[in-house]
Undergrad: 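Got a structure for you, questions after.
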Amino acid sequence: VLEDFAAGRRLLASVGDEAGREARALGEPAIAARLAAEEAKLAAEVFDLAVMGEFKRGKSTLVNALIGADVLTTAVVPLTSVVTAVRWGTEVEATVRFLDGRREPIAVEEIPAYTTERGNPSNAKGVAEVEVAYPAALLRAGVRLIDTPGVGSVYEANTAVTVDFLPRADAVLFVLGADQPASQGELDFLGRIRGHVEKLFVVLNKVDLLGAADRDEAMAFCRAQLARVLGDATVRLHPLSARLALDARRTGDARAVEASGLLALEIDLTRFLEQQRATVLLTNARRRVGACLDELAGRLELRRRAALLPLETLDARIAAFRAQAERIAWSEAAIGGLLGAARRRLVDALEATHGPFVAARAPAVVDTLDAAFRTGSSRRRALVGRLQRALEQGVQAAVEAWAAEQAARVHDEVAALLDRLQEQANVIIGDVRRLVRDLFATDVAPTLEPARFSVEPPLARVDSAFSLMLDELPLLLPGPLARRVIRTRFRAAVPDELGRNLAAATAEFRQRLADAERAFEHDFRERVAAMLASLQAVLARARDDRAREATDAAAASAELEQHAAGLAALRARLTALGRAAAA
Ligand SMILES: Nc1nc2c(ncn2[C@@H]2O[C@H](COP(=O)(O)OP(=O)(O)OP(=O)(O)O)[C@@H](O)[C@H]2O)c(=O)[nH]1
Ligand SMILES: [Mg+2]
């Protein structure tokens with residue numbers, strides 16, 4: 001097996017090398033870079049086993065259990081925000097790789113400051129990935145365990161991070177929760193994963209929360225759903241308690257490790273890795289190299305077709321392409337419209353909740369004030385201080401409850417918006433394809449990476465601007481009367497304080513939403529422009545070919561022929577490698 005792998009890798013690397021040379025010769029540096037990255041991954045024999053699933057299913061806990069140590073942070077709130085890769089190492093080490101390419105070693109205790117919503121909100125620190133080295137047996141064979149952010153939480157950006165990682169995963173360990181039946185969103189995501197990886201492991205975690213009967217029922221339900229979604233009844237479902245497994249691992253209790261379900265999963269994983277890691281690595285690399293070759297071939301075909309046209313015709317069509325492309329870019333205005341409309345709808349909906357919420361919640365805050373009034377010293381200064389704190393706490397709790405209620409609304413609205421944005425992106429891709437087909441009678445499949453859009457729900461940040469000026473108090477009033485006046489003023493302030501803080505939270509949210517839209521529009525525009533520019537570059541090369549052809553027609557078209565033949569030969573070699581591997 002090892003020799004086969006070495007030979008397969010060498011052969012594939014030589015296809016990749018030549019494909020890279022073709023890409024550079026054809027003026028396609030982006031594709032050349034993708035091929036180079038693929039080769040580097042294959043050379044390092046890095047097998048990425050990605051742990052994925054909805055938020056809070058226990059992914060990070062499971063990775064900890066698999067390595068037998070509390071290295072990754074876990075919590076009851078949506079937490080993991082950055083991809084964390086755990087690889088083999090004799091020493092425990094952690095390194096942060098930033099989006100701008102910088103790398104920085106950090107202490108293991110610092111990991112949460114980079115990988116969690118709490119320590120690194122909205123990934124403000126610009127982290128691409130954190131890599132942790134750990135001496136765990138499972139990692140020894142060159143597998144990296146990838147802990148990914150949960151999908152489907154209110155933190156849309158986390159979903160995007162995980163979806164972006166999907167094409168790089170070599171196999172996926174999908175985590176379901178026994179305490180929640182598999183949701184449609186979860187199953188849709190699973191179906192999507194299936195399109196990317198050949199090997200899928202599925203875990204039903206948290207079975208410790210269920211009794212034997214409920215557990216059997218949960219297993220049966222999940223199995224049926226898996227069979228339906230994957231169209232394959234052979235995927236094994238592992239019942240597991242990651243929490244008990246981690247405890248058992250830490251205390252070195254082998255029997256408890258077995259009882260937790262972890263041992264069975266490990267055996268399954270290890271067997272797969274021993275027998276198929278090499279094959280799967282090669283298959284995945286072949287598929288990705290194949291995609292690069294197809295893209296190169298499509299673009300070369302466009303260039304050849306275009307270069308067959310008489311120069312005047314070609315110039316006219318290039319001009320037509322540019323003009324139409326501008327109109328396509330202009331139709332991006334539709335995107336701005338979608339964004340603006342979604343923002344208005346969302347902000348209006350939030351504002352409409354203020355009045356009813358204040359009316360419903362004010363009495364509870366007044367009760368808090370009354371309770372504070374009755375307990376403790378009756379000296380005026382102390383009383384005012386106490387009521388002020390009570391008011392602040394009451395308002396804080398109320399605004400938190402409001403923000404939590406609105407989070408679901410924001411989530412739904414953003415999810416619907418993302419669907420509409422994706423549709424628009426597909427419309428643009430379709431327009432470009434049709435345009436190329438109409439003008440040059442060939443099909444290119446341009447890639448338009450969906451730009452990211454995310455916004456965090458409203459925050460409950462309460463300020464304490466309200467204060468009862470002691471100086472303004474009727475200090476000369478006798479004690480009991482003064483206390484009553486103080487209490488009345490505080491009680492009267494409740495609705496205003498609530499309303500003011502809701503308005504502030506909504507205004508702050510509106511601002512963030514507007515910022516997120518601006519960033520998205522900018523990003524989207526750049527991506528569309530890059531796609532159009534790359535096709536225009538192909539056409540410009542075709543024009544050069546054509547112009548050159550006037551002087552040396554035979555040589556120019558022979559050169560393109562040669563590239564086309566070269567790409568076809570590489571494709572054939574790749575297919576043969578695939579056949580040989582399957583045999
Ligand atoms: N009862 C029980 N709780 C578990 C188990 N595994 C994880 N949990 C708990 O579930 C919560 C979420 O665990 P995490 O490991 O942070 O979940 P996650 O999937 O990484 O969450 P995100 O990173 O936010 O997507 C924590 O409170 C864990 O202690 C388990 O097997 N049984
Ligand atoms: Mg996590």
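Only this structure's heavy atoms are used, side chains among them; waters, hydrogens and symmetry mates stay out. In this text the structure is predicted, and so the values were computed from the model without any measurement. Remember, it's 1-based here, ligands and their atoms both numbered in the order they're listed.
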Undergrad: Between Arg249 and Glu266, does any NZ, NE, NH1 or NH2 come within less than 4.0 Å of an OD or OE carboxylate oxygen?
TA: yes
Undergrad: Give the numbers and elements of all ligand 1 atoms closer than 4.0 Å to a heavy atom of Leu209.
TA: 1 (N)
Undergrad: Taking 4.0 angstrom as the limit, do Lys59 and Asp147 come out as a salt bridge?
TA: no
Undergrad: Specify whether Trp402 and Phe357 have parallel, tilted or perpendicular ring planes, treating 30° as the upper limit for parallel and 60° as the lower limit for perpendicular.
TA: perpendicular
Undergrad: What is the number of protein N, O or S atoms that sit under 2.8 Å away from the Mg ion (ligand 2)?
TA: 2
Undergrad: Using a strict 4.0 Å threshold on nitrogen-to-oxygen distance, state whether Glu131 and Arg97 make a salt bridge.
TA: no
Undergrad: Between Glu413 and Arg409, is there a salt bridge with N-O shorter than 4.0 Å?
TA: no
Undergrad: Between ligand 1 and Glu54, is the shortest N or O to N or O distance under 3.5 Å?
TA: no
Undergrad: Is it the case that ligand 1 has an N or O less than 3.5 angstrom from some N or O of Asp147?
TA: no
Undergrad: When only distance counts, is Leu240 in polar contact with ligand 1, meaning an N/O pair under 3.5 Å?
TA: no
Undergrad: Does Glu497 pair with Arg500 as a salt bridge, N-O distance under 4.0 Å?
TA: yes
Undergrad: So which of Met52, Lys59, Arg243, Glu117 gets nearest to atom 25 (O) of ligand 1, if we judge by its closest heavy atom?
TA: Lys59
Undergrad: Are Arg510 and Asp348 ion-paired here, with the side-chain N under 4.0 Å from a carboxylate O?
TA: no
Undergrad: For ligand 1, which atoms, with element, lie under 4.0 Å from some heavy atom of Phe55?
TA: 25 (O)
Undergrad: Pairs of nitrogen or oxygen atoms closer than 3.5 Å, one from Leu244 and one from ligand 1: do any exist?
TA: no
Undergrad: Nearest non-hydrogen contact with atom 14 (P) of ligand 1 belongs to which option: Val175, Val51, Thr61, Thr80?
TA: Thr61
Undergrad: Could you please spell out the steps behind the side chain to side chain donor-acceptor pair (under 3.5 Å) verdict for Gln396 and Glu400?
TA: CA-CA 6 Å; Gln396 171 81 37; Glu400 267 168 24; 2.7 Å; yes
Undergrad: So, regarding Gly150 and ligand 1 (criterion: nitrogen or oxygen to nitrogen or oxygen, under 3.5 Å), is there a contact or not?
TA: yes
Undergrad: What I want to find out is whether Glu104 reaches Arg102 closely enough, with some N-O distance under 4.0 Å, to be called a salt bridge.
TA: yes
Undergrad: Quick one: do Asp208 and Arg243 make a salt bridge, cutoff under 4.0 Å?
TA: no
Undergrad: For ligand 1, which atoms have a heavy atom of Ser60 less than 4.0 angstrom away?
TA: 15 (O), 18 (P), 20 (O)
Undergrad: Would Asn205 count as a polar contact of ligand 1, with the cut-off being nitrogen or oxygen pairs under 3.5 Å?
TA: yes
Undergrad: Does the distance from a Lys or Arg side-chain N to an Asp or Glu carboxylate O, for Glu38 and Arg168, drop under 4.0 Å?
TA: no
